[in-house]
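Below: one structure, written as structure tokens.
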Amino acid sequence: MPLLDAYTVADLLDEIGARLELSGESPFKVRAYQNGAEVLRALKLPLAGLVEDRKLKALPGIGEALAEKISKLHRTGSHPLLERLREEVPDGLLRLVALPGLGPKKALRLREDLGIDDLDALERAIDDGSLAKAKGFSAKAAEKLKHALGFVRASAGRLRLNDADALLSVAAAELRAQPGVTQVWPAGEARRRCETVGELCVVAAADRPERLPAKAGPGERVRVLAVKPGCFGAALLCATGSEKHVAELNARAKKEGLALSEDGLTRKGKAVAAPAEADIYESLGLPYIEPELREGRGELDAKDQKARGKLVADADLKGIVHCHSTYSDGANTLEQMAEAVRAMGLQYFGIADHSKSAGYAGGLKEDRVKRQREEVDALNERYAKEKAPFRVFHGIESDIREDGSLDYDDEVLANFDYVVASVHSRFDLDEAAQTARIVKAISHPATTILGHATGRLLLRREGYKVDLEQVLAACAKHGVAVEVNAHPVRLDLDWRWHARALELGAWLSINPDAHNTEELKLVAYGVAVARKGGVPPDKVLNALDAKAFEKHLLARRKRWKK
DNA sequence: GCCGTTTTCGGCCCGACTGTTTTCAGTCG
């Protein structure tokens with residue numbers, strides 16, 4: 001059994017926590033496991049060393065019992081407690097609590113009163129009316145659950161992009177270890193950087209492709225398309241899709257007397273020399289088209305290519321400006337976060353912890369805001385003395401209150417370098433009210449960035465109802481950047497709206513919303529979807545260098561004070 | 001399950017909304 005890394009152990013601790021909760025355990029014990037998982041994810045050192053040196057107990061929130069569990073999970077991949085819970089708490093119950101509006105208490109009640117322990121049984125109980133009559137439920141509750149069920153069913157079998165990446169990289173590594181394999185590349189929706197992925201596929205080139213397995217990766221979930229090296233480009237192109245993109249390429253090929261398939265590009269059955277994807281595009285009189293853009297949305301159109309220009313890339317980002325620290329619900333200190341951003345080679349870091357209304361997340365009351373400002377100033381003083389310039393900006397992720405106001409008085413707001421305004425409550429407002437609320441927050445002169453525009457949680461919760469056209473137009477009008485929240489659970493603003501946002505004249509800001517130093521690297525997912533949305537670097541707020549970014553913030557302040 | 005000069009028990013980030021058990025438990029962020 002291989003030694004499990006901190007992240008995998010953290011997932012197992014979360015699983016133990018979730019199953020304990022569903023066996024009626026104390027919520028505090030449950031939280032202890034969740035907390036332990038967070039601690040592991042924020043770990044600076046490799047887990048193996050801590051286990052060997054018996055240093056786990058030195059970590060905050062890890063005591064005797066958790067240290068034992070973590071050690072055993074790390075060494076053996078499992079633990080008797082986990083095994084027992086897997087027997088006692090059915091997987092279906094875990095899926096039930098994932099439904100919005102259905103927590104552990106109600107799920108347990110469903111199991112005890114109605115014998116419901118999976119989604120199918122729940123659906124039957126909704127349809128035959130027994131749920132509506134059950135104690136603690138109602139016709140309205142049943143209707144809501146029916147809707148939630150539909151959402152979950154539609155996402156069945158799909159994975160978020162980061163989870164797909166993890167499985168694909170394991171599968172690719174397995175294949176690269178096979179004899180005679182020359183090239184391996186993930187394909188499909190994951191390569192197109194779609195926010196969720198249905199089918200997992202890798203393309204492998206080998207001298208004897210017939211010898212490669214048809215499936216690979218954990219649980220053999222990844223389909224393997226094995227081809228001869230000469231066909232790699234064509235196979236990769238076809239397996240990457242989208243179907244529409246490939247069909248359009250094929251139509252173009254046909255006009256030139258060519259045919260495109262997984263076996264290659266052919267003329268009258270004879271192969272045309274085109275070993276790489278770029279060669280195939282060239283043979284069809286096209287420039288290379290980035291995988292992210294291959295959605296059949298006009299990317300083959302020369303006009304479209306000209307208008308699009310260069311796509312933003314990881315290296316274009318100069319700073320990271322929406323992160324959390326231990327001041328609110330982050331796992332790392334302000335200084336650790338700043339240092340981690342500096343270590344990424346960036347020029348500036350913006351802290352934007354939760355504002356005071358977000359009690360659940362330890363939102364900052366005014367006195368903590370002041371203290372944080374002092375710490376930011378002290379850090380900047382220190383950084384100013386160093387050779388490589390680095391800046392920390394003091395921001396806040398202000399809740400947008402139900403009436404559209406921000407979460408502090410103007411005089412407090414005026415002391416921040418910038419404000420990310422986000423909705424964290426009352427998701428259920430109707431579209432007109434939600435839109436008006438958000439537009440009002442955008443129009444506040446303190447607002448710099450609109451956080452996660454729809455509040456969606458991929459595969460878990462739909463976004464709130466909002467008229468994005470109006471919201472984006474308001475952002476353009478007031479000079480507020482629209483966040484592309486890079487967290488793989490969000491990827492919000494949806495890439496399908498990026499071009500429209502730019503058209504209306506809004507800027508975008510690619511933010512990881514990191515709650516620990518590890519999550520900083522998730523910013524790459526935001527870059528990926530921004531590329532998919534056709535975003536160029538010169539429309540990305542945090543692609544400005546530190547000076548230009550500061551100038552932008554100062555100009556907004558000046559305008560406010562007038 | 002963790003933590004602690006208020007330490008071996010009794011707390012544990014908290015405030016708001018929701019629906020309906022009609023006075024508050026459950027859920028959410």
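Not measured: the values here are computed from a predicted model. Note on naming: letters A, B, ... go to the chains in the order of the sequence lines (proteins, then strands), and numbering restarts at 1 for each one.
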Determine the contact category for [X]: base if any of its heavy atoms lies under 4.0 Å from a base atom, sugar-phosphate if only primed atoms, P, OP1 or OP2 are that close, otherwise nothing.
X: A:P27; value: nothing
X: A:K57; value: nothing
X: A:E64; value: sugar-phosphate
X: A:N35; value: nothing
X: A:K356; value: nothing
X: A:G63; value: sugar-phosphate

Consider the side chain of [X], meaning its heavy atoms from C-beta on, and name the nucleotide among [options] that approaches it most closely.
X: A:H424; options: B:dC17, B:dG1, B:dG29; result: B:dG29
X: A:K29; options: B:dG1, B:dG29, B:dC17; result: B:dG1
X: A:K69; options: B:dG29, B:dG1, B:dC17; result: B:dG1

Enumerate the residue pairs fulfilling side-chain hydrogen bond (donor to acceptor under 3.5 Å, both in side chains) with a member in residues 95-114 of chain A, sequence neighbours excluded, ordered by first and then second residue.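 Every pair satisfying side-chain hydrogen bond (donor to acceptor under 3.5 Å, both in side chains) with a residue in residues 95-114 of chain A: there are none.
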Set of residues satisfying side-chain contact (heavy atoms from CB on, under 4.5 Å) with respect to A:A65, sequence neighbours excluded: A:K69
side-chain contact (heavy atoms from CB on, under 4.5 Å) involving A:A358 - partner list, sequence neighbours excluded: A:H354, A:Y360, A:A361, A:D399
To check you understand the geometry: which heavy-atom pair defines the closest contact between A:A134 and A:L114, and what is its length?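 Taking every non-hydrogen atom into account, CB-CD1, 3.7 Å.
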Taking ring pair (Phe, Tyr, Trp, His ring centres under 6.0 Å) as the definition, give me every residue that meets it alongside A:F427, ordered by chain and number, with sequence neighbours left out.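 A:F427: ring pair (Phe, Tyr, Trp, His ring centres under 6.0 Å) contacts with A:Y464.
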Considering residues at least two apart in sequence or located in another chain, which fulfil the ring pair (Phe, Tyr, Trp, His ring centres under 6.0 Å) criterion with A:Y348? A:F393, A:F549
What is the separation between atom [atom1] on [X] and atom [atom2] on [N], rounded to the nearest whole Å?
X: A:E112; N: B:dT21; atom1: CD; atom2: P; result: 18 Å
X: A:E38; N: B:dG1; atom1: CD; atom2: C1'; result: 16 Å
X: A:D399; N: B:dG29; atom1: CG; atom2: P; result: 13 Å
X: A:H452; N: B:dG29; atom1: NE2; atom2: P; result: 11 Å
X: A:L429; N: B:dC28; atom1: CG; atom2: C1'; result: 15 Å
X: A:E143; N: B:dT18; atom1: CD; atom2: P; result: 16 Å
X: A:E25; N: B:dC2; atom1: CD; atom2: P; result: 13 Å
X: A:H79; N: B:dG1; atom1: NE2; atom2: C1'; result: 13 Å

The residue, A:I62 or A:A139, whose nearest nucleotide of DNA chain B is more 5′ is A:I62
Find which nucleotide of DNA chain B each of A:S425 and A:A141 is nearest to by heavy atoms, and output the residue with the more 5' nucleotide.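 Closest to the 5' end, via its nearest nucleotide, is A:A141.
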Non-neighbouring partners of A:E462 that pass salt bridge (charged side-chain N to carboxylate O under 4.0 Å, His left out), sequence neighbours left out: none
Using atom [atom1] in both nucleotides, what's the gap between [N] and [M] to the nearest angstrom?
N: B:dT7; M: B:dC3; atom1: C1'; answer: 9 Å
N: B:dT22; M: B:dC13; atom1: C1'; answer: 30 Å
N: B:dT21; M: B:dG26; atom1: C1'; answer: 11 Å
N: B:dC2; M: B:dT8; atom1: C1'; answer: 13 Å
N: B:dT6; M: B:dC12; atom1: C1'; answer: 15 Å
N: B:dC28; M: B:dT23; atom1: P; answer: 25 Å

Please determine if a side-chain N or O atom of A:K140 lies less than 4.0 Å away from the OP1 or OP2 oxygen of B:dT18. no
Return the polar atom pairs (N/O with N/O) between nucleotides 22-26 of chain B and the protein under 3.5 Å, or none.
none

Determine which nucleotide pairs with B:dT8, using a 3.5 Å limit on both distances of a Watson-Crick or G-U wobble pair.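 Checking every strand shown, B:dT8 finds no partner, since no pair has both distances under 3.5 Å.
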By side chain to side chain donor-acceptor pair (under 3.5 Å) - contacts of A:K57 (at least two apart):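 Scan of A:K57 (side chain to side chain donor-acceptor pair (under 3.5 Å), adjacent residues dropped) gives A:E64.
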Within a radius of less than 6.0 Å around CD of A:E143, do more than 12 heavy atoms belonging to other residues, nucleotides or ligands occur? no
I need a per-nucleotide contact map over nucleotides 11-16 of chain B, read 5' to 3'. Cutoff is protein heavy atoms under 4.0 Å; write B for the base, S for backbone only, - otherwise. -BBB--
Is it the case that the side chains of A:Q336 and A:T517 hold a donor-acceptor pair, with the cut-off being a distance below 3.5 Å and no angle test? no
I want to check something: taking the side chain as every heavy atom from C-beta on, are A:Y418 and A:L541 in contact at a cut-off of under 4.5 Å?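 No, every pair of side-chain atoms sits at 4.5 Å or beyond.
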So which of A:K532, A:R160, A:R158 actually passes salt bridge (Lys or Arg N to Asp or Glu O under 4.0 Å) with A:E189? A:R158
Please work out which residues in residues 8-20 of chain A have a non-hydrogen atom less than 4.0 Å from an atom of DNA chain B and list them by number.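 Within residues 8-20 of chain A, no residue comes under 4.0 Å of DNA chain B.
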For residues 3-22 of chain A, which residue pairs pass the salt bridge (charged side-chain N to carboxylate O under 4.0 Å, His left out) check, not counting sequence neighbours?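 Of all non-adjacent pairs touching residues 3-22 of chain A, those that pass salt bridge (charged side-chain N to carboxylate O under 4.0 Å, His left out) are A:D11-A:R41, A:D14-A:R41, A:E15-A:R19, A:E15-A:R86, A:R19-A:D91.
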Which pairs of donor and acceptor atoms, one on a side chain in residues 468-485 of chain A, lie under 3.5 Å apart (sequence neighbours left out)?
residue : atom : partner : partner atom : Å
A:E469  : OE1  : A:R500  : NE           : 3.1
A:E469  : OE2  : A:R500  : NE           : 3.1
A:E469  : OE2  : A:R500  : NH2          : 2.5
A:Q470  : NE2  : A:D467  : OD2          : 3.2
A:E483  : OE1  : A:H452  : N            : 2.9
A:E483  : OE1  : A:N485  : ND2          : 2.9
A:E483  : OE2  : A:H322  : ND1          : 2.7
A:E483  : OE2  : A:N511  : ND2          : 2.7
A:N485  : OD1  : A:H487  : N            : 3.1
A:N485  : ND2  : A:D513  : OD2          : 3.1

